[in-house]
Protein chains: 2
Amino acid sequence: MDDIDRHIVTALVADGRMSYTDLGKLIGLSTSAVHQRVQKLEERGVLRGFRAVVDPEALGLSLTAFISVKPIDPAAPDDVPDRLKDLVEVEDCYSVAGDENYILKVRVGTPGELESLLARIRTDAEVSTRTTVVLSTPFEARMRGTTPA
Amino acid sequence: MDDIDRHIVTALVADGRMSYTDLGKLIGLSTSAVHQRVQKLEERGVLRGFRAVVDPEALGLSLTAFISVKPIDPAAPDDVPDRLKDLVEVEDCYSVAGDENYILKVRVGTPGELESLLARIRTDAEVSTRTTVVLSTPFEARMRGTTPA
DNA sequence: GTGGGCGCGTGGACGATATCGACAGGCACA
DNA sequence: TGTGCCTGTCGATATCGTCCACGCGCCCAC
C-alpha cells in the first residue's frame, strides 16, 4: 500500500470504469503493472468492488431519514441487524455508542411509506425509534482516496 | 424507465464493471441495445457514474462518527455546507428536520483526529456539535435497484 | 388504406482493451 | 557472488466497446 496504490484507488473512486490503459498513463505505469496492482488491491480487500452510483430520486426514493433505534427490552439478545437486513429500505445500519443502540439510514418514496416502514422496524426488531427526516443533501458519499488532489 | 432499465440499473449497482456483452446476455438484449440504454440512463442522470468501493479500514480510517450540528447563532446566515465542504473527513452532509440542523458522517483514523476535527468544525462553521461514535457497521451502502432479486 | 417519420433493437466490422505468459532489473539476504 | 522475490515491461491473442447501416413495429396525417 504505497503512494502508487493510493493514487490508483483515488482514480478508481473518481471513475470506476477507467480503463487500465488510461489508468496506466495517468499514474505513469504500464497497463499490465496497474492491472496487477488492482488485482492485488482487490485480493487484499482494499477495493471491495465497483458499483454504479444511482440517483435515488430517479428511482422514486425521494425521502431519506435517519432512524435511531433502541431495544424495548434491554435484556433481550441483540440481533437487530439480522432482523432488519431483509428490509430493503434500510440502506445503512450502524451500531453506535450513546443513548440509542443503532442508527439506520433509510430511503422511501413517501411519508406514508416511511410510516409503514417504521411500524415494520418496531415490530420486526422490537425496538423503539426516533426518526430524523432529511430535508436536503448538500453532499453525500464523498470519498477521500487519501490523495488530496 | 421501464423494467429493462431497472434491471440494468440493478445489475450495474451490483457490478459496475460488468461488460456490455455480459449485461446484454443477462437481460436478454444485444450488446448495442444495452449500450444505448446505459448511455441514456447516464444522460438522464439516473446513473450518476461509476466508482470503486474502498474499505475505509484499509485506508486507515477506522473510526466513523455522526456529528449533529446546530448553529451557535440561529440568526446568522446558514452556509454550513459551504464551510464544511473542504474538510475531507466529512463524507456526508444532510440538512435535517429536528432539533439540530445538519447531520454529518465523518471518518478519521483515531480519537485524537476526531477531537481536532470537531474543533475545526466548530470554529469553521460556528456551530455546536453532538457526536455519536460508530462501534461497528453491520451493513452499509446497500442499494435496492428497485428490482428485489 | 397508405405512406412517412420515429423509437428501438439487431448484426457486423473495426479499433481499442483486457488478459496472460515470458522475461528483465533491483534489492535483501546468506 | 549467488539466490529468490518482488515488480515492472513487452508482446500476443481473445474479448470487448463503439459505430454504422438496416429492419421492424407503431402512431399519425392525409
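Quick note: numbers below take in every heavy atom, side chains included, and nothing from hydrogens, waters or symmetry partners.
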Q: Check the distance between C:dG7's P and B:D5's CG and give it to me in whole angstrom.
A: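 Taking CG of B:D5 and P of C:dG7, I get 16 Å after rounding.
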
Q: Could you check how far CG of B:D2 sits from P of C:dC8, rounded to whole Å?
A: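 B:D2 atom CG is separated from C:dC8 atom P by 9 Å.
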
Q) So, are A:D124 and A:R120 salt-bridged, with charged N and O less than 4.0 Å apart? A)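 No, A:D124 and A:R120 are not salt-bridged.
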
Q | Among A:V90, A:T64, A:L61, A:L87, the one residue meeting side-chain contact (heavy atoms from CB on, under 4.5 Å) with A:V106 | A |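 For A:V106, the side-chain contact (heavy atoms from CB on, under 4.5 Å) test succeeds with only one of A:V90, A:T64, A:L61, A:L87, which is A:V90.
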
Q. Quick check: are there more than 12 heavy atoms from other residues, nucleotides or ligands sitting under 6.0 Å from CD of B:E42?
A.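 For B:E42, atom CD is crowded (more than 12 foreign heavy atoms under 6.0 Å).
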
Q | Stacked cation flag B:R107 on A:Y94, 6.0 angstrom / 45 deg | A |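 Not flagged: B:R107 not positioned over aromatic ring of A:Y94.
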
Q: Strictly below 4.0 Å, heavy-atom distances to any atom of DNA chain C: list the hits from residues 20-51 of chain A, or just say none.
A: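 Output list: A:Y20, A:T21, A:T31, A:S32, A:H35.
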
Q: May I ask you to decide if B:S68's main-chain N or O and B:R130's side chain share a donor-acceptor pair within less than 3.5 Å?
A: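 Judged by distance alone, no pair lies under 3.5 Å.
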
